[in-house]
Amino acid sequence: MISFQNVRKSFGEREVLKGISFEVPSGQILFILGTSGTGKSVLLKNIVGLLKPTSGKIFIDGEEVSDFSEKQMFAIRRKCGMVFQQPALFDSLTIFENVAFGLRKHQPHLSEAQVGARVKECLGLVHLHGIESKRPQEISYGMQKRVSLARTVAVNPQILLFDEPTTGLDPVTTNAINHLILELSRKLKTTSLVVSHDMQCALDIADHILVLDQGEIVDQGSPAQLKKSRQPLVQDFLKEALDAEAAR
């Protein structure tokens, strides 16, 4: 479980998170929706200790991590897997070597046969087969996104953090990535937090949705509850989702 209790984060006089409180039960998918600059990515960085809250408390699996040192955060970060906006693959390495990179770094006891089997397994989880010898520039952008997800899950994280995972993708590939997030979260029993501005994605796969505006939670609930929201920003997101659906 991940829990935020009245978390605030300021940069100088600018307060980015303004008393955020929420819980994510283990195994659930939480979408954090908001326009640009509302504090979504700052929230994720506080979970893994890249940023520290100015005040408030953060708990991961019942352990308060708000004031953890870098050394203490190492064990927490080992529980987490981060999927960035860009695939962030190493162009000079093959797909096999990209997926194997974290395994070799964090699980050096594995034999080459075990590494190979795990790479093949993880590429299979994201429905990619026979591309191990290719380099990132030889496959599509959408496939690169899936490879980055395979690389992330290879080290068996308990928590998956997604920062705008469908940025730059066409609607068909966006839908495929979203359902892959759902499929992997359920199959691997991970707790997943997805930062996004795409309401349709959230309605499709989230267990719970938070809507941030200017560093505050202005609404939250299940997809069914959010569909009935009268909050103006949520209404704007819902209209955008309906317009996008009609255009497909």
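Side-chain atoms of S185 and S192 form a donor-acceptor pair, as typed in the model, at a separation below 3.5 Å. With 3.5 Å as the limit, one finds a donor-acceptor pair spanning the side chains of D219 and S229. D213 and T38 share no donor-acceptor pair across their side chains, judged by distance under 3.5 Å alone.
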Using atom types as modelled, flag every donor-acceptor pair under 3.5 Å from a side chain in residues 148-156 to any protein atom, sequence neighbours excluded.
from: S148; atom 1: OG; to: K145; atom 2: O; distance (Å): 2.6
from: R151; atom 1: NH1; to: A88; atom 2: O; distance (Å): 3.0
from: R151; atom 1: NH2; to: P87; atom 2: O; distance (Å): 3.1
from: R151; atom 1: NH2; to: A88; atom 2: O; distance (Å): 3.3
from: T152; atom 1: OG1; to: M82; atom 2: O; distance (Å): 3.4
from: T152; atom 1: OG1; to: S148; atom 2: O; distance (Å): 2.9
from: N156; atom 1: OD1; to: R118; atom 2: NH2; distance (Å): 2.8

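In this structure, the side chain of S111 engages the main chain of Q114 through a donor-acceptor pair within 3.5 Å. Side-chain atoms of K239 do not come within 3.5 Å of backbone N or O of V234 as any donor-acceptor pair. A donor-acceptor pair under 3.5 Å is formed between the side chain of K40 and the backbone N or O of T35.
Criterion: ILVMFWY side-chain heavy atoms under 4.5 Å apart, direct or through other members. Under it, I177 and L33 are part of a common hydrophobic cluster. Clustering ILVMFWY residues whenever any of their side-chain heavy atoms sit less than 4.5 angstrom apart, transitively, puts I47 in the very cluster that holds V65. I29 and V24 fall into different hydrophobic clusters, where Ile, Leu, Val, Met, Phe, Trp and Tyr residues are linked whenever their side-chain heavy atoms come under 4.5 Å apart, directly or through other members. Connection of L210 to L182 is not established within any shared hydrophobic cluster, with ILVMFWY side chains joined at heavy-atom distances below 4.5 Å, either directly or through further cluster members. Placement of I32 and F84 within a single hydrophobic cluster is found when ILVMFWY residues are connected by side-chain heavy-atom separations under 4.5 Å, directly or transitively.
F22 pairs by the ring pair (Phe, Tyr, Trp, His ring centres under 6.0 Å) definition with F4, not counting sequence neighbours. In terms of the side chain to side chain contact (heavy atoms under 4.5 Å, CB included) criterion, residue partners of K9 (sequence neighbours excluded) are, by chain and number, F11, L17, V42, N46, L51, T54. Residues that satisfy the side chain to side chain contact (heavy atoms under 4.5 Å, CB included) test with F59, not counting sequence neighbours, are S3, Q5, K57, E64.
The list of salt bridge (Lys or Arg N to Asp or Glu O under 4.0 Å) pairs with a residue in residues 94-117, not counting sequence neighbours, reads E97-R104, R104-E112.
Atoms CG and CG, on L203 and L226 in that order, are 7.0 Å from each other to the nearest 0.5 Å. The distance from atom CZ of F31 to atom CZ of F162, rounded to the nearest 0.5 Å, is 9.0 Å. Atoms CD1 and CD, on I20 and E216 in that order, are 7.5 Å from each other to the nearest 0.5 Å. Here CG of L193 is found 11.0 Å from NE2 of H208. Values are rounded to the nearest 0.5 Å. Here the CG-CE distance, from L128 to M143, works out to 5.0 Å after rounding to the nearest 0.5 Å. Rounding to the nearest 0.5 Å gives a distance of 9.5 Å between CG of L103 and NE2 of H109.
Considering only heavy atoms from C-beta on, T174 comes within 4.5 Å of D198 through its side chain. Here the side chains of N6 and S55 are not in contact, with every heavy-atom distance at 4.5 Å or above.
Within a 6.0 Å radius of NZ in K120, other residues, nucleotides and ligands contribute 12 heavy atoms or fewer. Counted within 6.0 Å of CG on D67, heavy atoms from surrounding residues, nucleotides or ligands total 12 or fewer; the atom is thus considered open.
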Working note: K79 + D61, criterion salt bridge (charged side-chain N to carboxylate O under 4.0 Å, His left out); need CA distance, chi angles, decisive distance, verdict.
CA-CA 10 Å; K79 294 183 178 184; D61 293 335; 3.0 Å; yes

Passes side-chain contact (heavy atoms from CB on, under 4.5 Å), I2 versus E23? Steps please.
CA-CA 6 Å; I2 299 171; E23 287 188 351; over 6 Å; no

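Counting side-chain heavy-atom gaps under 4.5 Å among Ile, Leu, Val, Met, Phe, Trp and Tyr, the cluster of F101 also holds F90, L93.
Under 4.0 Å is where a charged nitrogen must lie from a carboxylate oxygen, and between D207 and R186 at least one such pair does.
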